[in-house]
Structure formats: C-alpha cells, structure tokens
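Residue numbers start from 1 in every chain, and the chains themselves are labelled A, B, ... in the order their sequence lines are given, proteins ahead of strands.
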Number of protein chains: 2
Amino acid sequence: VSLLELPTPCLILDVSAMHRNVGAMMRALRPHRVALRQHVKTAKSVEVAGQIAEIFDSRAITVSTLAEAEAFVEAGFDDVLYAVGLVPQKVGRLCALAESADVAGIVDSVEVLAAIAAEVTCERPLPLGIEIDVGQHRGGTGPESDLLLAIAEGIASQPRLRLWGVVAHAGHAYDAADRAGIIAVAEAERKGAVRAAERLRAAGHVALHVSIGSTPTALFGASFEGITEVRAGVFVFQDLFQSALGCAAKEDIAVSVLTAVIGIRGDDLLLDAGGIALSKDRSMDGRGGGYGELRTLDGGPIEGAPRVHSVNQEHGMASVPGHRLKVGDRLRVLPNHVCMTAAQHDHYWALTGDGTATQWPRIRGY
Amino acid sequence: VSLLELPTPCLILDVSAMHRNVGAMMRALRPHRVALRQHVKTAKSVEVAGQIAEIFDSRAITVSTLAEAEAFVEAGFDDVLYAVGLVPQKVGRLCALAESADVAGIVDSVEVLAAIAAEVTCERPLPLGIEIDVGQHRGGTGPESDLLLAIAEGIASQPRLRLWGVVAHAGHAYDAADRAGIIAVAEAERKGAVRAAERLRAAGHVALHVSIGSTPTALFGASFEGITEVRAGVFVFQDLFQSALGCAAKEDIAVSVLTAVIGIRGDDLLLDAGGIALSKDRSMDGRGGGYGELRTLDGGPIEGAPRVHSVNQEHGMASVPGHRLKVGDRLRVLPNHVCMTAAQHDHYWALTGDGTATQWPRIRGY
C-alpha cells in the first residue's frame, strides 16, 4: 500500500523517525543506568511497545486505562503499573490480571484503602504505589506530608494490600519556559520521589520502586540518583508541542495525519482532516496556534509552516499562499499533541523504509 | 446493567431525552411540510438513526464519511447524501454503494469533475449536488456566481455524472448572537439555496433536490418555501453549546459522560474523564469555558453548574465547593459539543425508562 492508495484521513507512522526517537531516549537514560518503564498511553500499540521493549530490554510498562492493561498483559507484557488513581470499582479487573502478570495501582488517599482492599480478589496482596505530588498539583501527596506516612501505614494495615513504592510525575515540566526550566523541574521530580521513599524507609516501610518521569524530564534530567525507573510515553512519536519545548526536531515527529484537499479558494484550502481526525487539542495556542502544521505528502516542510487554522468535525481549513495544489491532492498534518491526535484513530499505517504501509491497531476504550 | 456497574469513563445515552429532542424537531418542521434528511455524523449509530427514520418515516440520510455511508447502506438506509466535498479517490467506494442505494456526492469546483467522472464505476450516472455558500465561506459557490452554472454545465457534459440538486449549510448560524440572528441566517440559507436552484432551472438544468440545514436553522427557520429537505444532526442529542444558543434546555441534553472521582483535595476533584473521554472541544470558551458541565449520577444539576475546568489525557479537574463526594463516587459530564465528545467513544450505553443500559455501537473511521 502506498501513501496515494490509503484512505484519507488516516494516521501515518514513520517507523524510522520512531526509531530515532527511541534512540534519543536510550542515549539520555543509559549514562544514568536507570530503567525505562515505557508509558503505552501515547501509542496504545502492541507493535510499538514491543519494539521499544526489545531495544530497552524491558517489558515493564505504564498504562493509563484498564483496557490497555488487559491488552498488554494478553500480549505478554508482565509488569504493569496502572498510573491513574485507583478506585474500588476497578480493582476486580486489575486483580484478574494479577494471575498472569505483576500489576500495581496508585493511590493518594487513606480513605479509599479499605474499600480497595475489600475488592481484592487475587491471592497475593495487591501492590499500590503512593502518588507523590512534586509540583504539578494534580494528584498525589507531598514528599514531606504526614499523609504520605499515613497512606503507607494504611496499606500496611490491610493484609490484602502491599506497598509498591512511590510514583511521581512532573507534568508541570510542560509549563517550563526553557530547557533550564525543565532541568529544574526534573531535579524537583527526582528529589521529591527520593525524599518520599527515604521517609517511607525511615518509617520501616519497603519502598521498592522509586518511579518518576515525563518525556521532557526524562530527556533532560541531570541526575537520576535514587531513582529505579523512568516513565515516558510521548517521546516515541514526539509532536509540535514537544518540539516547541526543545524535546525533538520537527523532522523527528513520527506520527502525522494524511489528508486530501477537498476544496480550494485561491490560497485557502479545505481538507478532509477536521476536528475528529486531528483532535481539537490547542496546546500550540501562543506558539502559532491552530490544529497542526501542514506538510507535503512526503512529510517535507511547506514555506511558512502553515497551520490548520480552524476545524469543523470533518473539515480542516488552512491557507497556503502560492500553492499549486488541486482537489484530491494529499498533504500531511503534524500533530499538536500526538496522544490526543492518535487517540482519534483506530490504527496506524506504519511506513517502513521499503515504502510499504502496514496497519497496526490501536487499543481503545476503558 | 446499572449506572453503578458500568466501567468509567463511558458514554451514556438517555433515550427519553433523545425522543424529546426528535419530537421538538418534528414539531419545528411539520408545519412547513418539509422532509428531514437526518445527518448521522453526530450519533453514528444505526440504532439511533433507525428510531429517527421511523418517527419521521424517512430513511434518507446525510453522512460525513464513507465509513458511515457503507455502514448505513449495509443496515438498509437506501438514500445517502455524502455531504463533504468529493475527491476522485473516494468515488470508487461511493459507486460500490450505488448498487444497492441511491447515493450522491457534492462538489464546488469545475476542475475536479473530469477526474471524478473517470473514477465512476456504477452503471447509472453518479448524482452530484452543487455545494452552495450561503455565508459560512467554508466551501461552496455563491448562489449568484458564474461558477454555479459552470459546475452544472460541467456535470451535464460528463455522461457518467448527473446533477442531484443544490446543498447549502448555514454553519455560521453558530456565530449568531441570538435567536433573531439565527432566524436571519436561516432565511439567508433558504434564499441562497432556492435562488441557486432557480438559476440552474432557468439555465435548463434539473435541480431536483434543494437541501439546506443545520440544527439551529432547522429549529428556528421561519420559512422553508422552495426547500425539499432539511439536514440536521446535533438536534438528536443536543449539548451545552446548542443550549447556549437556545436550541435546547440543558435537561434535554441526551448524551453525557459517566465518570468516577479518582482523587479529592478539599473542593477540588480529580475525575477519570479526561481529554480523550470528553474531547478537547472548547466551544464553551466565553460561555463559562471548560470541557463540560458536572452533573450528579442521576443527571441532575449541581449548584453553580461546575465545569471540568482542565483536562489531561485521562484526567479531568473540577472544583465543587462544599461537595460530600468520596473517591469512587460517580458523576456525569454534559458535553460542550456532542459530535466531538461522542466521537471519542466506541459505543453508547443507552438508558431506557426501565433503568436498563444497552450497548449501542458507534461507527468509526473513514
């Protein structure tokens, strides 16, 4: 299948670019001798995760949904951290996976522990990581908080639960102004997780895993001392937002949306990639805006780096001064935030060096 | 299955509210004796479209993707307008459907006609509607343009093509300031389509169909004289944006996202419905903002109508002063723009009056 035969719009995965991105993460982490627990929420693909697992020689993964956990355990990934706050109703499905894999959840409250324990059906105690807030203030408890020790004691008091370790995510790295800012956030992420683990150990708890990560802090962190593993996901594909942060060159963005021109009025183009195909992510607001950057069919740049400036459900609008396109011609769109754009699609068309495109399914739902 | 057993996040469809919305459209259109060609892009559901088809006694549909066209023809819908600008590469799939259904595409350019004709494989000529620009300036040609007649002549000159009629969509009704503004846009939509059809007929062409529509102009249009059919889709579910336009009461919004509270910090809630479950549509910016309005598990209002104020991929953040929720409790989120929110999911859980929930699949892809 060639790019001219694929139905539009569709999701294109440049496997060579993906390998470059995986190599960049390998070079960032290897000097620190820290393990990668890849976050599969970006790609949601057994094929993609399988290649990363081989390159890093680690089948440990992070998931954001139970649907991911189930699909990856089925595919033989046997070490799974479900890194979204666990609620009692989700314990049963997690425990069902514990028959064939090491699975762990995360918590940041004492109140929920008894209700979680009541739902545990696996023979071995269910491991729970404590979510540490290292500055994003989304979830988690502070490394110096009393709550941290209270949660650990709560877990210890429940025979059906055991402590997995600490789990921190510096999501606020995305708000950093520059690389120095990211490096500072990365160090705060590391210090917070290490400090939390130290306090737990001083109180007599076994905090085996000290887990941190985001793509920017994994790529730019200066030290990983005391850290047992790094979680990152977006790095595998990269996107315009990561490129604006300095985490990747635009040429390394591995995923794009193939689109056809369906209307022309002078410089203005109407595309068949709209809000559903691109997502309505607007993380590039303030950085040129829009819903993605137009590229040629081959993925090459277009003068002025035109953006899809507006979208309806199945229509994208862009302006390309002096273009020579005609209705039916094809272009590509680089994603603002690839996790959101990829989530709009059921599969990738994976392009390999020999010019062939193969369908790789994406895991969907919850 | 009850609401407490469903996996979260998931898409809930209140079938009674849907019936109220369908009734409202019936009451709006019936006095004008104009037919409905329902737009299935909102629901993308054979079950939903089947109920509307029965109530309106019409199996004519509008689609936004070939995947919809194929699924609906397979389900017995035999009169399909593909209302996104047709490109040569998509003609083959459309023609394959012409074996078992009346199918038509739309065009707004002369240049593409020969290329489209070259791809026609059906025995009968492929019907093409001419897209009329009635003020949205997205696609289409003006009712008074020379291009209008040139396209009709171009179609007439291709034996494999024939003229279906004219197709107008007043998407700019969504920018209207108030109901009077919508009524004015509706009249411009009607006049533009009727005028285009008159010019075509005066030039000797047969313009059988005079098709207009959007949910606001269909509900509020004062006259449909000269119009053969109205296209509308969002009306079946409604959403916060339609409610802000005055097209529906919030209590009639038929689709919501069921979500679980996964974290609590005082008034601040963390939810398991994030950017993927809700979409990142921001059409309520300037109208309270956010990514959807929080409701109780039963769908009732919460004081202050709190919004999901920010989202990450699988996390939603909201603030509900004085709440008494605990981790694991469930809430619902009304969508900003239901076409986008529903598109994030693979199926509905359809709630009927007897309290049961049934899975209705959604059509996906292209």
- Could you tell me whether B/D133 and A/R265 have a side-chain N and a carboxylate O separated by less than 4.0 Å? yes
- Option in A/M340, A/E111, A/H315 with maximal non-hydrogen atom pairs under 4.5 Å from chain B: A/H315
- Message: Under 3.5 Å, is there a donor on one side chain and an acceptor on the other for B/T141 and B/D108?
- Response: no
- So, the part of B/Q136 with a heavy atom under 4.5 Å from chain A: the answer is side chain
- Item | Contact winner vs chain A - B/T65, B/I262, B/D268, B/I116, heavy-atom pairs under 4.5 Å | B/I262
- Specify the closest pair of heavy atoms between B/G290 and B/D285, including all atoms of both residues, with the distance to one decimal. N-OD1, 4.3 Å
- Message: Please classify the contact between A/I276 and chain B as side chain, backbone, both or neither, with a heavy-atom cut-off of under 4.5 Å.
- Response: both
- What residue in B/G274, B/G365, B/G275, B/G263 has the most heavy-atom pairs under 4.5 Å with chain A? B/G275
- Partner chain B: residue of A/P88, A/S64, A/P7 with the largest heavy-atom pair count (under 4.5 Å): A/S64
- Message: Is A/A115 close to chain B through its backbone or its side chain, or both, or neither, when contacts mean heavy atoms under 4.5 Å?
- Response: neither
- Any side-chain heavy-atom pair from B/R231 and B/V167 closer than 4.5 angstrom? yes
- Given that the side chain runs from C-beta out, which part of A/V311 has a heavy atom under 4.5 Å from chain B: side chain, backbone, both or neither? neither
- Message: Please determine whether a side-chain nitrogen of the Lys or Arg among A/R93 and A/E70 lies less than 4.0 Å from a carboxylate oxygen of the Asp or Glu.
- Response: yes
- Message: Any donor-acceptor pair under 3.5 Å linking the side-chain atoms of A/D272 with those of A/T259?
- Response: yes
- So which part of B/L86 gets closer than 4.5 Å to some heavy atom of chain A, the side chain, the backbone, both or neither? backbone
- What option among A/R364, A/E314, A/K280 has the most heavy-atom pairs under 4.5 Å with chain B? A/R364
- Item | Structural part of B/V261 lying under 4.5 Å from a heavy atom of chain A | backbone
- At a heavy-atom separation under 4.5 Å, does A/K90 approach chain B through its side chain, its backbone, both, or neither? side chain
- Note on the structure: chain A shares the most heavy-atom pairs under 4.5 Å, among B/S109, B/G85, B/S279, with B/G85
- Hey, does A/L3 have a side-chain heavy atom less than 4.5 Å from the side chain of A/R332? yes
- Item | Side chains of A/V257 and A/I12 in contact at under 4.5 Å (non-hydrogen atoms) | no
- Look at B/H337, B/H347, B/R282, B/H345 and state which one has the largest set of heavy-atom pairs under 4.5 Å with chain A. B/R282
- Give the member of A/T42, A/T8, A/L66 that has the highest number of heavy-atom pairs under 4.5 Å with chain B. A/T8
- Is it true that the side chains of A/R138 and B/N312 contain a donor and an acceptor less than 3.5 Å apart? yes
- Item | Contacting moiety of A/H137, where chain B heavy atoms sit under 4.5 Å | both
- If you count heavy-atom pairs under 4.5 Å with chain B, which of A/Q344, A/M317, A/E131 comes out on top? A/Q344
- Note on the structure: If one checks every heavy atom of B/S310 against chain A at 4.5 Å, the contacting part turns out to be neither
- Minimum side-chain heavy-atom gap A/Q242-A/T215 below 4.5 Å: yes
- Message: Hydrogens and angles aside, do A/S283 and A/D281 bring a side-chain donor and acceptor to less than 3.5 Å of each other?
- Response: yes
- Considering only heavy atoms, which portion of A/Q89 lies under 4.5 Å from any heavy atom of chain B: side chain, backbone, both, or neither? side chain
- Message: Using side-chain heavy atoms (C-beta onward) and a distance below 4.5 Å, is A/I264 in contact with A/L269?
- Response: yes
